[in-house]
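Computed from a prediction, not measured in an experiment: that's the story for all the values here.
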Number of protein chains: 2
Amino acid sequence: MDPLGFEHHDHRHCVHAALAAAEAHCARHRLNLTPVRRRVLELLLEGHRAMGAYDILDHLRAEGLGAQPPVAYRALDFLVSHGFAHKIERLNAFIACTHPETDHTPAFLICRGCNAVAEAHAEPTRGMLGRAAAEAGFEIEQAVVEALGRCPNCRKAEEAPCA
Amino acid sequence: MDPLGFEHHDHRHCVHAALAAAEAHCARHRLNLTPVRRRVLELLLEGHRAMGAYDILDHLRAEGLGAQPPVAYRALDFLVSHGFAHKIERLNAFIACTHPETDHTPAFLICRGCNAVAEAHAEPTRGMLGRAAAEAGFEIEQAVVEALGRCPNCRKAEEAPCA
DNA sequence: ACTCCATATGTTATGGTATAACAACAGTTG
DNA sequence: CAACTGTTGTTATACCATAACATATGGAGT
């Protein structure tokens, strides 16, 4: 397990840092990072991959933080709507944001081998799509950009099947 | 109802033309455009918008063409895998392709006012996303590009609330 | 004609994702 | 304290999708 940038890194550290950043952000913006919401963000950060709402719910249940789907979905809605997490439409799953604070339109690279997800940056209002939208008189408010393919690790594994 | 390019057009004609084109393509490529598959494509073309699998299924049922979900899903799988239709991940719905034959990576403009969907063309392997993927060593095989926003008609309606 | 095989359809059952609707409670503001 | 806002808890249900197996249908080869 070493997704996101498809590289290894100090995971323990990044979880804590992201959590602290989220807390600071919420304090600054008068947002209520309740125990459930905080824990869901932590779970997403720890998992460091796309997780289904019911995966999350299983953890919450085990910890006595809520037993019904709406509990998980509400926490996820909060995180997504404030930019702490994103939904991967293609997977019906959620993932912690790797650069919150930064105003960004996320794009995802989803590996079909290991399901790792890396977050990149897109500018949907530019390029061909932006031009097409402008021509059609369409106002883009939000965009889902998800590329499916194979991450470097899985490509390597396929070329050199030494396992 | 006048989606796709967000403009009015001779709908009757485009349904027939698209259906004829699909038939020709299937004949040429030895694909089996069975009654169910043909009818599902026709429904998508007639509806001219994103339709859920169960919407489709309701029609099929009413026409005695199949009563269970797999019937609809299988026909949709066929159409999608041969490029006659696309799945809109964001809506969990399907839409007829507006330019089959052409080899293309579809991108969609989805209006949150009227749910109309226009199909544009994207080149995910270029631009920022392509660069990010190349840097990460990620090989893009397929891409989902879906922009949400407001179509010209709904924008107009909002500015001049004369209804 | 008959068997074999591939493809397509039919059906049952189930699994996975998501939300509506309402009840209860906490904090805070006037 | 009363009214309000926001959060959580719970029930119930709706919606989306597929696994698994049974049944047909239509060639290809003999």
Would you indicate which nucleotide in D/dC16, C/dA18, C/dA8 comes nearest to any side-chain atom of A/Asn92? C/dA18

Heavy atoms from C-beta onward define the side chain here; which of D/dA17, D/dT8, C/dA8 lies closest to that of B/Lys87? D/dA17

Please report, rounded to the nearest Å, how far the C1' atom of D/dG9 is from the CG atom of A/Leu57. 12 Å

Taking the minimum atom-to-atom distance to the side chain of B/Pro70, which one of D/dT7, C/dA18, C/dT12 wins? C/dT12

Would you mind reading off the distance between A/Leu76 atom CG and C/dT19 atom P, rounded to a whole angstrom? 11 Å

So which one's nearest nucleotide on DNA chain C is more toward 5', A/Ala93 or B/Thr34? B/Thr34

Contact class for A/Leu65 (heavy atom, under 4.0 Å): base, sugar-phosphate, or nothing? sugar-phosphate

With no angle test and no hydrogens, is the base of D/dA14 tied to the side chain of B/Tyr54 by a donor-acceptor pair under 3.5 Å? no

Counting side-chain heavy atoms from CB outward, which of C/dA18, D/dT7, D/dA17 is closest to A/Asn32? D/dT7

Should the pair A/Glu46-A/Arg39 be classified as a salt bridge under the 4.0 Å nitrogen-to-oxygen rule? yes

Provide, to the nearest angstrom, the distance between the CG atom belonging to A/Asp55 and the P atom belonging to C/dA18. 11 Å

Check the distance between D/dA17's P and B/Glu89's CD and give it to me in whole angstrom. 8 Å

Which listed nucleotide (C/dG10, D/dT18, D/dT8) is nearest to the side chain of B/Tyr73? D/dT18

Side chain of A/Arg37 - closest among D/dA17, C/dT11, D/dT8: D/dT8

Of C/dT19, D/dA17, C/dT11, the nucleotide closest to the side chain of B/Arg74 is C/dT11

Between the side chains of B/Glu146 and B/Arg90, is the shortest nitrogen-to-carboxylate-oxygen separation below 4.0 Å, so that they form an ion pair? no

Could you tell me the separation between the CZ atom of B/Phe78 and the P atom of C/dA8, rounded to a whole number of Å? 7 Å

According to a strict under-4.0 Å criterion, is B/Gln68 in side-chain N/O contact with OP1 or OP2 of C/dT11? yes

B/Leu148 CG to A/Ile140 CD1 distance, which is reported to the nearest 0.5 Å: 9.5 Å

Report the distance from atom CZ of B/Arg30 to atom C1' of D/dA28, rounded to the nearest whole Å. 15 Å

Members sharing A/Leu19's hydrophobic cluster, built from side-chain contacts under 4.5 Å between Ile, Leu, Val, Met, Phe, Trp and Tyr, are A/Val15, A/Leu31, A/Leu33, A/Val36, A/Val40, A/Leu41, A/Leu43, A/Leu44, A/Leu45, A/Met51, A/Ile56, A/Leu60, A/Leu65, A/Val71, A/Leu76, A/Phe78, A/Leu79, A/Val80, A/Phe84, A/Phe94

Please give, in whole Å, the distance from D/dT7 C1' to A/Leu33 CG? 13 Å

Taking atom P of D/dC15 as reference, at what distance in whole Å does atom CD1 of B/Ile56 sit? 16 Å

Contact list for residues 120-143 of chain A, test ring-ring contact (aromatic ring centres under 6.0 Å, His included), sequence neighbours left out: A/Phe138-B/Phe6

